[in-house]
Structure formats: C-alpha cells, structure tokens
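Letters A, B, ... mirror the listed sequences (proteins, then strands); counts begin at 1.
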Protein chains: 2
Amino acid sequence: MILDSETKAVELPEDHGDEIRLWLRLLTCTTLIEGEVRGRLRERFDVTLPRFDLMAQLDKVPDGMTLSDVSKRMMVSNGNVTGLVERLVESGHLDRRTSDADRRVQVIRLTKAGRAEFRKMAAEHELWIADIFADLTPKDVRELMRLLAKTKASAQKSAKARTA
Amino acid sequence: MILDSETKAVELPEDHGDEIRLWLRLLTCTTLIEGEVRGRLRERFDVTLPRFDLMAQLDKVPDGMTLSDVSKRMMVSNGNVTGLVERLVESGHLDRRTSDADRRVQVIRLTKAGRAEFRKMAAEHELWIADIFADLTPKDVRELMRLLAKTKASAQKSAKARTA
DNA sequence: TCCAATCATTTTATACTTAAAGTAATTTGG
DNA sequence: CCAAATTACTTTAAGTATAAAATGATTGGA
C-alpha cells in the first residue's frame with residue numbers, strides 16, 4: 001500500500017503498458033488468423049466465416065438447437081443470428097421449425113446437404129488451422145491453452161464485476 | 001514418411017484437434033475481451049471500438065498519417081477507413097487535408113478536441129485492460145507475449161505460403 | 001383465473017466490414 | 001514526352017454486427 005505524506009491511501013498512476021501490449025498482440029494474432037481463414041473459406045467454398053461458424057455449432061448436435069443457444073455459443077446478438085439463419089435457410093443449408101412445446105422457440109438443424117457441405121469444409125479448415133499453428137510445439141500449444149484459459153477466467157471475472 | 005502397400009506416399013488423416021481447440025480458445029478470449037471493451041466504451045464515452053482504435057493510431061503521431069497507413073496499421077480495408085474517417089471528421093475529432101505533394105493522398109490528424117477526448121478515453125481504457133488481465137502474473141504476461149509472437153510469426157508464414 | 005413478468009425471437013436504426021469495381025493522380029519505361 | 005502501370009482513395013453491393021424497441025408466447029403468483 002502506498003501512502004502519502006498525510007498517511008492516506010493514494011492512487012499512483014500505475015503503468016499497465018505490458019497488459020495493453022498483450023491485449024494488442026492477442027488482437028493482432030486473432031485478426032490475422034481470422035482474416036486468413038475468412039479468405040480461404042471464400043476462395044475455396046464461397047462461404048463466409050459467420051456462416052461456417054454457425055454450421056459448426058449445429059454440426060455438433062444431431063437434433064438442432066434454438067436460436068438463443070446459437071446466439072450464446074457464438075457470443076453474438078440475437079438479431080445477428082436471426083439474419084444469419086435466414087440466409088442459411090434460404091441457401092438450403094439449414095432447416096428451421098417452430099417448437100411444438102413452445103411456440104416462441106425456433107429449432108434449427110443442418111439439412112442433409114448442409115451437413116455434407118459443412119463436413120467437406122471442416123476437413124479442409126482443420127488442415128488450414130494446423131498449418132497456421134504449425135511452428136508451435138505441442139508444449140507451446142499446451143502452454144497457450146493454459147494461459148488463455150486463465151485469461152478467459154480473468155476477463156469473465158472482470159466483466160461480471162462490472163455488470164454486478 | 002508413411003508409405004502404403006505400393007510404396008507411394010499416403011496422407012494419413014492426422015488429428016489436429018489440439019490446434020482447433022487452441023484456435024477456438026484464442027477466438028473466444030478475444031471476442032470476450034473485445035465485447036467487454038466495446039461495451040465500456042459505449043457506456044462511458046458513447047464511442048465505438050473502431051473509432052477508438054483509429055484515434056489510437058493517430059494519437060501516436062503528431063503530424064497525422066495517410067488513410068493507407070491507417071488501413072495497414074489497423075489491418076482493415078481501405079473502404080472501411082474512408083467511412084470511419086468521414087464520421088470522425090463529421091464529429092470534429094479528426095482533421096483531414098489533401099497532401100500538397102501528392103493530391104491522391106489524404107492526411108488525417110486528431111484535432112485538439114479529438115486528442116483531448118482520446119486521452120481521457122485511453123486513460124480509462126488502460127485501467128479496464130489492466131483489470132481484465134488482473135489475474136495473470138507478470139510471468140504469465142511475459143509467457144503469453146512470447147507464445148503469441150511465435151503464433152503470429154507462424155500464421156504469417158502460412159499466409160505468405162498461400163499467397164505465393 | 002388472470003395479469004404482470006419473463007422469455008424467445010424479430011425488427012429497426014445505425015454502424016462496421018469486406019471484396020471488387022471505379023476514379024483520379026502520379027510514376028515509369030520506351 | 002506519353003501511354004501504361006501503379007497508387008491512393010472512394011464507391012458499391014452484400015453481408016455482419018450491435019443495442020434497443022417491439023412482438024408474441026409462456027409462466028408464476030395473487
């Protein structure tokens with residue numbers, strides 16, 4: 001605790017340059033990789049990243065999920081999902097129906113064609129990611145996983161503290 | 001090298017699950033923090049993250065920079081910068097003038113008011129970031145910096161190989 | 001029962017983003 | 001010097017994204 005001449009707690013402006021630089025580097029890395037993936041998806045499959053991401057969520061479940069589920073998992077707004085789903089239904093990748101139990105709820109699923117298309121894309125996508133991270137050793141990967149988990153927890157705690 | 005019965009090279013489908021998980025975690029972390037920063041900027045200063053980022057670029061230089069410079073540094077498209085600058089000039093944060101030496105070039109600078117406003121935002125922003133990363137030890141931060149630098153280099157190499 | 005609160009989704013308004021095509025200015029090779 | 005290439009920026013079209021308000025459905029408590 002730093003005290004001033006009158007023995008009261010004082011807020012000395014601390015230097016947070018390291019954290020700022022870390023955040024910028026994290027952002028740069030993500031932007032770089034995201035741009036690369038986006039470009040390859042467009043080039044190879046003429047599909048956008050948000051559509052791919054949405055299909056990836058749905059591929060994990062056989063019986064579909066609600067728009068809210070998708071919205072939470074993708075960490076995007078509801079309205080965003082509405083539009084995305086609209087276009088994917090239009091293009092035949094998704095199937096959408098109103099829940100019998102609760103007519104507020106829309107359940108969306110991959111169509112057969114949509115799933116097949118996604119599996120093709122996902123297989124290549126996996127190779128791209130492997131290539132992008134190719135210079136990291138298995139130890140690097142483990143260590144990054146650990147540190148990012150810690151970062152995520154710290155960020156969530158901070159976010160929670162603000163909202164509370 | 002893996003060979004099949006006819007002694008030709010074969011591509012066995014390797015498992016890249018670790019890399020995929022790493023990428024998803026990286027993305028999750030960034031999205032989480034970005035959302036948090038975006039929310040706070042809007043709440044406290046009614047400003048968007050892209051505008052803040054653009055002003056941050058300009059704050060680093062006294063005499064302004066060209067739109068292309070900004071575009072490269074922010075890793076976004078030219079057209080994107082055109083629109084952002086338009087709105088920031090409109091709101092009085094930015095000053096824009098055509099270069100005397102080359103009439104294709106637009107040089108943009110923070111106005112006095114714009115710089116003052118940015119400094120206020122930046123000071124708080126720094127505290128938010130510090131808080132978001134608060135649970136990381138200095139050693140964690142150093143290690144993350146190192147691993148992200150390695151990741152960035154690896155990704156750039158992969159991107160370059162594709163374009164080449 | 002019924003109505004107020006809640007919930008899931010959609011709509012609206014605004015802003016951001018990209019890729020690609022277009023415009024205008026400058027540079028360069030013949 | 002001049003046409004072709006390049007450069008800097010803008011425009012366009014489509015899509016992605018948010019916050020906030022609106023709509024419609026469900027639920028829980030008086």
TODO: Return the set of residues passing side chain to side chain contact (heavy atoms under 4.5 Å, CB included) with K150(A) (not counting sequence neighbours), or none when no residue passes.
DONE: L136(B), T137(B), D140(B)
Task: Partner set under side chain to side chain contact (heavy atoms under 4.5 Å, CB included) for V37(B), not counting sequence neighbours - done: I33(B), L41(B), L49(B), H125(B), I129(B), I132(B)
I'd like to check the salt bridge (charged side-chain N to carboxylate O under 4.0 Å, His left out) partners of [X]; sequence neighbours left out, ordered by chain and number.
| X | result |
| --- | --- |
| R42(A) | none |
| E117(A) | K120(A) |
| R115(A) | D59(A) |

Open item on the list: Need one value for L49(B): base, sugar-phosphate or nothing, where a base atom within 4.0 Å counts as base even if backbone is also close, heavy atoms only.
Closed with: nothing
Open item on the list: By the 4.0 Å heavy-atom rule, please label T82(B) as base, sugar-phosphate, or nothing.
Closed with: base
- [ ] Compute the bend angle of the helix from dT1(C)-dA30(D) to dG30(C)-dC1(D) from the end axes (five pairs per end), rounded to 10°.
- [x] 10°
Open item on the list: Salt bridge or not between E34(A) and R38(A)? Use side-chain N to carboxylate O under 4.0 Å.
Closed with: yes
Task: Pairs meeting criterion salt bridge (charged side-chain N to carboxylate O under 4.0 Å, His left out) with involvement of residues 62-88 of chain A, two or more places apart - done: none
TODO: For K72(B) and for G83(B), find the nucleotide of DNA chain D with the closest heavy atom, then tell me which residue's nucleotide is more 5'.
DONE: K72(B)
Open item on the list: Under the ring-ring contact (aromatic ring centres under 6.0 Å, His included) definition, can you give me all pairs with a residue in residues 72-91 of chain A, not counting sequence neighbours?
Closed with: none
- [ ] Answer yes or no: does atom CD of E43(A) have more than 12 heavy-atom neighbours from other residues, nucleotides or ligands under 6.0 Å?
- [x] yes
Task: Span of DNA chain D, from the first to the last nucleotide whose atoms fall under 4.0 Å of chain B heavy atoms - done: dT7(D) to dA19(D)
Task: Partners meeting ring-ring contact (aromatic ring centres under 6.0 Å, His included) with H16(B) (sequence neighbours left out) - done: none
Open item on the list: Can you measure E86(A) atom CD to dT10(C) atom C1' for me and round it to whole angstrom units?
Closed with: 9 Å
- [ ] Whole angstrom is fine here: how far is it from CZ in R87(B) over to P in dA13(C)?
- [x] 18 Å
Open item on the list: Distance alone, cut at 3.5 Å: any donor-acceptor contact between the side chains of D95(A) and T111(A)?
Closed with: no
Task: Option from R109(B), H93(B), M65(B) for which side chain to side chain contact (heavy atoms under 4.5 Å, CB included) with L58(B) holds - done: M65(B)
Open item on the list: For a quick test of reading the model, state the closest non-hydrogen atom pair linking S77(A) to S71(A) and the distance between them.
Closed with: C-OG, 3.8 Å
TODO: Could you identify which residues of residues 51-69 of chain A place a heavy atom less than 4.0 Å from some atom of DNA chain C, listed by residue number, or say none?
DONE: T66(A), L67(A), S68(A)
Open item on the list: Treating primed atoms plus P, OP1 and OP2 as sugar-phosphate and everything else as base, which nucleotides of nucleotides 19-26 of chain C get B, S or - for protein heavy atoms under 4.0 Å?
Closed with: S-----BS
